[in-house]
2 protein chains.
Amino acid sequence: MQRQQNLTKNQKIVLDIIEKSTEPLKAYSILSNVKKKGINAPPQVYRALDKLVDMGKIHKIESKNAFVACQSSNCKVSKAAAFSICESCEEVTEIDNSKISKYLSSFADKIGMKYKKYNLEFFGLCKKCK
Amino acid sequence: MQRQQNLTKNQKIVLDIIEKSTEPLKAYSILSNVKKKGINAPPQVYRALDKLVDMGKIHKIESKNAFVACQSSNCKVSKAAAFSICESCEEVTEIDNSKISKYLSSFADKIGMKYKKYNLEFFGLCKKCK
DNA sequence: TCTATAATGTTATATTATTACATAGTGTTA
DNA sequence: TAACACTATGTAATAATATAACATTATAGA
Ligand SMILES: [Zn+2]
Ligand SMILES: [Zn+2]
Ligand SMILES: [Zn+2]
Ligand SMILES: [Zn+2]
């Protein structure tokens, strides 16, 4: 049975390469990087990505179709994440969501939604680039 | 010269079909719906979509690769939008962002980002489905 | 062992988006 | 007018992203 603690072989391989990367990785980039480890085809990568997202181990940056390792242990619980994305250097940083998530979840209540998760992406210029 | 007030022919056609739709439309769905109006190929649709997004007339729902007409005149200025997405009936609603945007833009300042825009997508169950 | 389930492997295909280049309109100016 | 820059459009081909369908193998109880 799939548990959070016990990743499967393919999940470990995929998570490992995402954690080692300094930038968001795309599925086919992951695929080409893990061919030497015996992962040969897209479904193997996408299945691992789906499960890792479900577990809160990684996040999908929707605007980039790319994946990053979670930087906030918080997400394992809430599955809500926020990112700042620099439009110049493309740097993506996960924002510690404990402050923001309280505000947003109460907001979701107000609009009559039974809230499960959210995804927030800020765009602009990072400290270095501005 | 392209102005906000004066949409081009293809932009008008694409915006029109998005405004008439009650749900987010995907690019190829738009394409198949406008073939009778003389738009034949993906680039014609994607070019119109890009410009309309730039103008704040429509938004892309990143998690769905689909487009909706803007419901908040606010967005023409801020290019920041928020949506609630029902995971059961797939309903997508633009949240009037005047309240939320003040909070989020001040938040973006704090984390050292020169903020230009954001995209926020809430997932959960809408009033009807919960 | 038997059986049910989860995980993996593989091929093919569907869906989403862009590149590259050709053509046509539009306004400006020499 | 002719030359031009510039925008918009049209078209074909292809790239990039993601899933469907089905076969095989591993794992963990009963
Ligand atoms: Zn996280
Ligand atoms: Zn930067
Ligand atoms: Zn809007
Ligand atoms: Zn619903």
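Proteins get letters first, then strands, A, B, ... in listed order; numbering begins at 1 in each.
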What's the [atom1]-[atom2] distance between [X] and [N], to the nearest Å?
X     : N      : atom1 : atom2 : answer
A/D54 : C/dA6  : CG    : C1'   : 15 Å
A/M55 : C/dA6  : CE    : C1'   : 12 Å
B/I30 : C/dA17 : CD1   : C1'   : 13 Å
B/Q11 : C/dG25 : CD    : C1'   : 15 Å
B/L49 : C/dT18 : CG    : C1'   : 13 Å
A/L25 : D/dT17 : CG    : C1'   : 15 Å
B/N6  : C/dG25 : CG    : C1'   : 15 Å
A/D50 : C/dA6  : CG    : C1'   : 15 Å

Give a yes/no on whether any side-chain N or O of [X] is located under 4.0 angstrom from OP1 or OP2 of [N].
X     : N      : value
B/K26 : C/dA14 : no
A/Y46 : D/dT19 : no
B/K60 : C/dA17 : yes
A/N65 : D/dA16 : no
A/T8  : C/dT8  : yes

Margin query: With ring-ring contact (aromatic ring centres under 6.0 Å, His included) as the rule and sequence neighbours excluded, what pairs involving residues 37-94 of chain B come up?
Written below: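 Output for this query lists B/H59-B/F83.
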Checklist line | Summary of salt bridge (Lys or Arg N to Asp or Glu O under 4.0 Å) pairs that have at least one residue in residues 27-50 of chain A, sequence neighbours excluded | finding: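 For residues 27-50 of chain A: none.
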Margin query: Base, sugar-phosphate or nothing for B/K64? Non-hydrogen atoms, less than 4.0 Å.
Written below: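 The residue B/K64 makes no contact with any strand.
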Note to self: Holding to side-chain hydrogen bond (donor to acceptor under 3.5 Å, both in side chains), I want the full list of residues that pass it with A/K64, two or more places apart in sequence or in another chain.
What the structure shows: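 Partners of A/K64 under the side-chain hydrogen bond (donor to acceptor under 3.5 Å, both in side chains) test: A/E90.
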Could you pull out every donor-acceptor pair under 3.5 Å between side chains of residues 120-130 of chain A and any protein atom, sequence neighbours left out?
unit_1 : atom_1 : unit_2 : atom_2 : d
A/E121 : OE1    : A/S63  : N      : 3.3
A/E121 : OE1    : A/S63  : OG     : 2.7
A/E121 : OE2    : A/E62  : N      : 2.8
A/E121 : OE2    : A/N119 : ND2    : 3.0
A/K128 : NZ     : A/E91  : OE2    : 3.1
A/K130 : NZ     : B/G112 : O      : 3.1

Side-chain donor-acceptor pairs under 3.5 Å in residues 14-25 of chain A, sequence neighbours left out?
unit_1 : atom_1 : unit_2 : atom_2 : d
A/D16  : OD1    : A/K20  : NZ     : 3.4
A/D16  : OD2    : A/K20  : NZ     : 3.0
A/S21  : OG     : A/E23  : N      : 3.0
A/S21  : OG     : A/E23  : O      : 2.5

Next item on the list: Would you indicate whether the side-chain heavy atoms of A/V68 and A/K60 approach each other to under 4.5 Å?
Entry: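 With C-beta onward as the side chain, the pair stays apart.
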Next item on the list: For the residue pair A/P42 and A/L31, establish whether any side-chain heavy-atom pair is separated by less than 4.5 Å.
Entry: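 Of all side-chain heavy-atom pairs linking A/L31 with A/P42, at least one is under 4.5 Å.
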Can you name the atoms? Protein N/O to nucleotides 9-12 of chain C N/O, anything below 3.5 Å, with the distance.
unit_1 : atom_1 : unit_2 : atom_2 : d
C/dG9  : OP1    : A/K9   : NZ     : 3.3
C/dG9  : OP2    : A/N10  : ND2    : 3.1
C/dG9  : OP2    : A/Q44  : NE2    : 2.4
C/dG9  : O5'    : A/Q44  : NE2    : 3.2
C/dG9  : N7     : A/R47  : NH2    : 2.6
C/dG9  : O6     : A/R47  : NH1    : 3.0
C/dT10 : OP2    : A/N40  : ND2    : 2.6

